[in-house]
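Structure record follows, encoded as structure tokens.
One is the number of the first residue; the rest follow in order along the sequence.
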Amino acid sequence: QVQLVESGGGLVQPGGSLRLSCAASGSIDNLNTMGWYRQAPGKQREFVAYMTSDRRTNYADSVQGRFTVSRDNAKDTVYLQMNSLKSEDTAVYYCAYRRGIGTLNVVNSWGKGTLVTVSL
């Protein structure tokens, strides 16, 4: 029903920055929540950040102050600006969507993921 396509992943040095994008298409509800999860090698998938359609946000403690989630509702696109990147940020980053306003503990659609590698 909703398709998500991520872009912007790649290799970046520690302390550097990267901006991820996620474009949504399909039957998008007017009230929705979009954001990001990540999965590091050998680890479980973990929540990163979200923004609701009325622009309320939430961040994981591990990225608070370094990452910023934003949206362009006219383009049905959500972004993740990642600054001061650390090696432990290395992961596959997945875009996530849910119908309605709430947390991303419920996910209705997933993107395929984009790899972010933080290394010298």
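Every residue meeting the ring-ring contact (aromatic ring centres under 6.0 Å, His included) condition with F47, not counting sequence neighbours, appears here in chain and number order: Y37, Y50. Partners of Q13 by side chain to side chain donor-acceptor pair (under 3.5 Å), not counting sequence neighbours: none found. Residues satisfying the side chain to side chain donor-acceptor pair (under 3.5 Å) criterion with Y93, sequence neighbours excluded, are R38. In this structure, S87 has no side-chain contact (heavy atoms from CB on, under 4.5 Å) partners at least two apart in sequence or on a different chain.
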List, one per line, each side-chain donor-acceptor pair under 3.5 Å for residues 67-74, sequence neighbours excluded.
from: R71; atom 1: NE; to: N73; atom 2: OD1; distance (Å): 2.9
from: R71; atom 1: NH1; to: N32; atom 2: OD1; distance (Å): 2.9
from: R71; atom 1: NH1; to: M51; atom 2: O; distance (Å): 3.0
from: R71; atom 1: NH2; to: N32; atom 2: OD1; distance (Å): 2.8
from: R71; atom 1: NH2; to: N73; atom 2: OD1; distance (Å): 3.3
from: D72; atom 1: OD1; to: A74; atom 2: N; distance (Å): 3.2
from: D72; atom 1: OD1; to: K75; atom 2: N; distance (Å): 3.4
from: N73; atom 1: ND2; to: S53; atom 2: O; distance (Å): 3.2

Side-chain atoms of residues 105-120: list all donor-acceptor pairs with protein atoms under 3.5 Å, sequence neighbours left out, distances to 0.1 Å.
from: N105; atom 1: OD1; to: T103; atom 2: OG1; distance (Å): 2.2
from: N108; atom 1: OD1; to: R99; atom 2: N; distance (Å): 2.8
from: S109; atom 1: OG; to: V2; atom 2: O; distance (Å): 3.0
from: T114; atom 1: OG1; to: G9; atom 2: N; distance (Å): 3.2

Could you list the donor-acceptor pairs under 3.5 angstrom formed by side chains in residues 21-29, with sequence neighbours left out?
none

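Cluster membership for L104 and V92, using ILVMFWY side-chain heavy atoms within less than 4.5 angstrom, is shared. By the criterion of side-chain heavy atoms lying less than 4.5 angstrom apart, applied directly or through intervening Ile, Leu, Val, Met, Phe, Trp or Tyr residues, Y94 is not grouped with L20; the two fall into different hydrophobic clusters.
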Could you go through V78 and W36, starting from their C-alpha distance and side-chain angles, then the distance that decides it, and tell me whether this counts as side chain to side chain contact (heavy atoms under 4.5 Å, CB included)? CA-CA 9 Å; V78 64; W36 301 87; 4.1 Å; yes
Go through the steps to decide whether M34 and L4 satisfy the test side chain to side chain contact (heavy atoms under 4.5 Å, CB included), and finish with yes or no. CA-CA 10 Å; M34 294 181 64; L4 306 172; 4.1 Å; yes
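Sorted by first and then second residue, the pairs that involve residues 54-69 and meet salt bridge (Lys or Arg N to Asp or Glu O under 4.0 Å), not counting sequence neighbours, are D54-R56, R66-D89. Listed by first and then second residue, the disulfide (SG to SG under 2.5 Å) pairs involving residues 26-60 amount to none (not counting sequence neighbours). Screening residues 42-91 for disulfide (SG to SG under 2.5 Å) gives no qualifying pairs among residues at least two apart or on separate chains. Evaluation of the disulfide (SG to SG under 2.5 Å) test over residues 41-79, restricted to residues two or more places apart or in two chains, returns none.
Here CE of M82 is found 11.5 Å from CZ of R19. Values are rounded to the nearest 0.5 Å.
In this structure, L31 shares a hydrophobic cluster with I101, the cluster being traced through Ile, Leu, Val, Met, Phe, Trp and Tyr side chains under 4.5 angstrom apart.
Between Y59 and A49, the shortest heavy-atom contact is CD2-CB, 3.6 Å.
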